[in-house]
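All remarks here apply to the structure that follows.
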Protein chains: 2
Amino acid sequence: MKNKKRTTIYDIAKKLNIAASSVSRALNNSDQVNEATKKLIIKTAAELNYKRNTLASNLRKGQSKTIGVVVPFINQNFFSNVIAGIEEASYQKGYNLIICQSNELQSKEIKCVNTLINQHVDCIVISISADSSDHKHLQNVLDNGIQLIQFDRVADELETLKVINDNEQASLEAVSHLIEQGYKRIALLEGPQNLQIFRQRKAGYINALKKYGMPVLDELIVENAWTKELGAEGTRKLLDLVEPPDAIFASTSDFSALGVLEVATAMGIKVPSELGICGYSNEAFTEITSPSITTIDQFSVYMGKTVANLYFQEMGNKDDTETVPKIISIKPKLIVRSSTKRNG
Amino acid sequence: MKNKKRTTIYDIAKKLNIAASSVSRALNNSDQVNEATKKLIIKTAAELNYKRNTLASNLRKGQSKTIGVVVPFINQNFFSNVIAGIEEASYQKGYNLIICQSNELQSKEIKCVNTLINQHVDCIVISISADSSDHKHLQNVLDNGIQLIQFDRVADELETLKVINDNEQASLEAVSHLIEQGYKRIALLEGPQNLQIFRQRKAGYINALKKYGMPVLDELIVENAWTKELGAEGTRKLLDLVEPPDAIFASTSDFSALGVLEVATAMGIKVPSELGICGYSNEAFTEITSPSITTIDQFSVYMGKTVANLYFQEMGNKDDTETVPKIISIKPKLIVRSSTKRNG
DNA sequence: TTTTAATCTGCAATCGATTGCAGGAATTTA
DNA sequence: TAAATTCCTGCAATCGATTGCAGATTAAAA
């Protein structure tokens, strides 16, 4: 516990009476070291319990083999799954992850990003916070020559690599499904419109209504119904209308949908016959509520893997000529469950 | 995107025609630099978009202000909450987190730990994997002068800082509660007994039975019922007994308890009147199943904060004389819900 | 046997920031 | 005015690993 001194390549070199450079080469399996010497060095290194000092190595090499990740909250299902995916893919390539949470605060997000720049990470992966307005700090990442990949919640105007869900398409399918089940007045619980993902979900909702020649009614659109509580609150308002909706698309999250379900249950409104409910994200619990909740799966772990692999792929192609900002769109999947199954 | 070259303190020094050491001192707000010069340096640094190279700094200072975390899976509720807690406390102290997942594999766990040692993290926080048998790699952490903190799943024989739940006490309370609700034949779904936490939960179960003068019946104890599927399987076996249990304590997890509930529901067995169910962990979904599931809250986020703060506290006390291996035990809380409420 | 080529090995610089030490300038005290 | 302090500033070494280059050794070719 006390031996602060770690063995370095110099210790090994001294012990074997050779140069540190040879030790370094041997430990990096360079072929300009004699096989026998190499073996001896490796053996000695093990005996002395040598551990390479990655800091020194990285400093010299000018890269850190580290990816920085910034998400609003680590312990939100979607994000923790994405992170798990990133970790899995990164680990295989020998990369490490530094994780930060922005707590949905731009101010903290900026600090996180700066820390990661200081740490000389090779790449920063971010899903921007809800209150983010400008993106200087992200531009700064690029200016420092660090690869930037945005996922899910992206700042559209920034030309970076992006991995997103096709939110509009998914919403369109969800609402179309509701319409096909015979629901006539479909309400929308929408999220903060400064985030593109929520604008897209709203667009999908509107497109679906238009496609089927149905009117878009402002009174059926509830702003900022993000959490379970806000979802519940919005639902109460909606159901108090003279002409209440017969279906609610909680485009913000499954938590919001859960709020809807609880209010409906409390008011004795039958789901799905009197009210259809559709959530977003396919949280684990949507399967076990009664009735189970129709929702949209975002393939979050896969999304994480995609993000990481996109980086490695981009690394591989050294032709700096081709700096096309790539966007990978993952098609989410509508999971139809009891909460919207009116026919058959 | 191309300016690979970052500004260093030398660039600032050259521009102002002073020595790099002064720049360094100024940026570290040392009071041995003239106020005016300091201001000028800081201003120039900002103009040149200078970012300190943490790698170089850490290499020189011999510390990294980084905490490494190893958990079985990042995207398991309990662990992601603990990580969130660690992050919150660490961020305040200016520490970063490097996160790894062991996938419950000792082999990967060893690799993760080695990577973290190479990274020169200041502290490693770990919850050991289920199949872990020996702990040489953890001893190695200590031998390298790195602080080691174990949480939740700990290797008892290693004298390190530990943050644990009082699993035995929690189980005892849970089972006592079942008994007081009038359940007579209480079964146990147990986890891998090489993990201390599961041994403790079993001990709590047995103690409770003894306390009330009830027999411990082997046929009512099901091994390795960790997941929802295994929980369901175990439940089917139990309910097939000549004398089936009238309550099941899924000591492994809430997922297991969910498996129990699903089987019971499918077989038309009424919960809680005919069968009581108690889970472990207070997963979000336990509140919304019907009936809701009685479970045990582990205060996971708080646990994470405790871990981090324990480290900082230990840092603070420089008296190396006192190297007492501290153990902090957090008392979990029994959350009584519908699945066990038979009386009142 | 001499020339050429292939293989190893070591020196020394480098990555960027930090810090002990020495010395010069400015200020205070005698 | 001389001596003693205080205050700044810069030099140079250091953290540990990597790598271009040159020289040495050995093997192969002429």
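These values consider heavy atoms only, across backbone and side chains, with no hydrogens, waters or symmetry-generated copies. In what follows, every chain begins at residue 1, and chains take the letters A, B, ... in the order their sequences are listed.
Closest heavy-atom contact between A:N114 and B:K51: OD1-NZ, 3.0 Å.
For the side-chain contact (heavy atoms from CB on, under 4.5 Å) with A:Q119, the lone residue among B:N53, B:I98, B:T54 that qualifies is B:T54.
Residue pairs meeting the side-chain hydrogen bond (donor to acceptor under 3.5 Å, both in side chains) criterion with at least one partner in residues 66-76 of chain A, sequence neighbours excluded, are A:N75-B:N81.
At a non-hydrogen distance threshold of 4.0 Å, A:D31, A:Q32, A:V33, A:N34, A:T37 from residues 31-49 of chain A come into contact with DNA chain C. Interface residues of residues 55-68 of chain B facing DNA chain D, ordered by number: B:L59, B:R60; criterion, heavy-atom separation under 4.0 Å. If you check residues 13-28 of chain A against DNA chain C, the residues with a heavy atom closer than 4.0 Å are A:I18, A:A19, A:S21, A:S22, A:R25, listed by number.
In this structure, A:F151 and A:F78 have tilted ring planes: the angle between them lies in the 30° to 60° band.
Between B:L16 and B:T37 there is no side-chain heavy-atom pair separated by less than 4.5 Å.
When the side-chain hydrogen bond (donor to acceptor under 3.5 Å, both in side chains) test is applied to B:N58, no partner is found at least two apart in sequence or on another chain.
Atom-to-atom, NE2 of A:H120 to C1' of C:dC15 comes out at 10 Å; the value is rounded to the nearest Å. Following rounding to the nearest Å, A:Y50 (OH) and D:dA17 (C1') show an atom-to-atom distance of 7 Å.
Within the 4.0 Å cut-off from OP1 or OP2 of D:dG10, not a single side-chain nitrogen or oxygen of B:Y10 is found.
Comparing the local axis fitted to the first five base pairs of the helix from C:dT1-D:dA30 to C:dA30-D:dT1 with the one fitted to its last five gives a bend of 40°, rounded to 10°.
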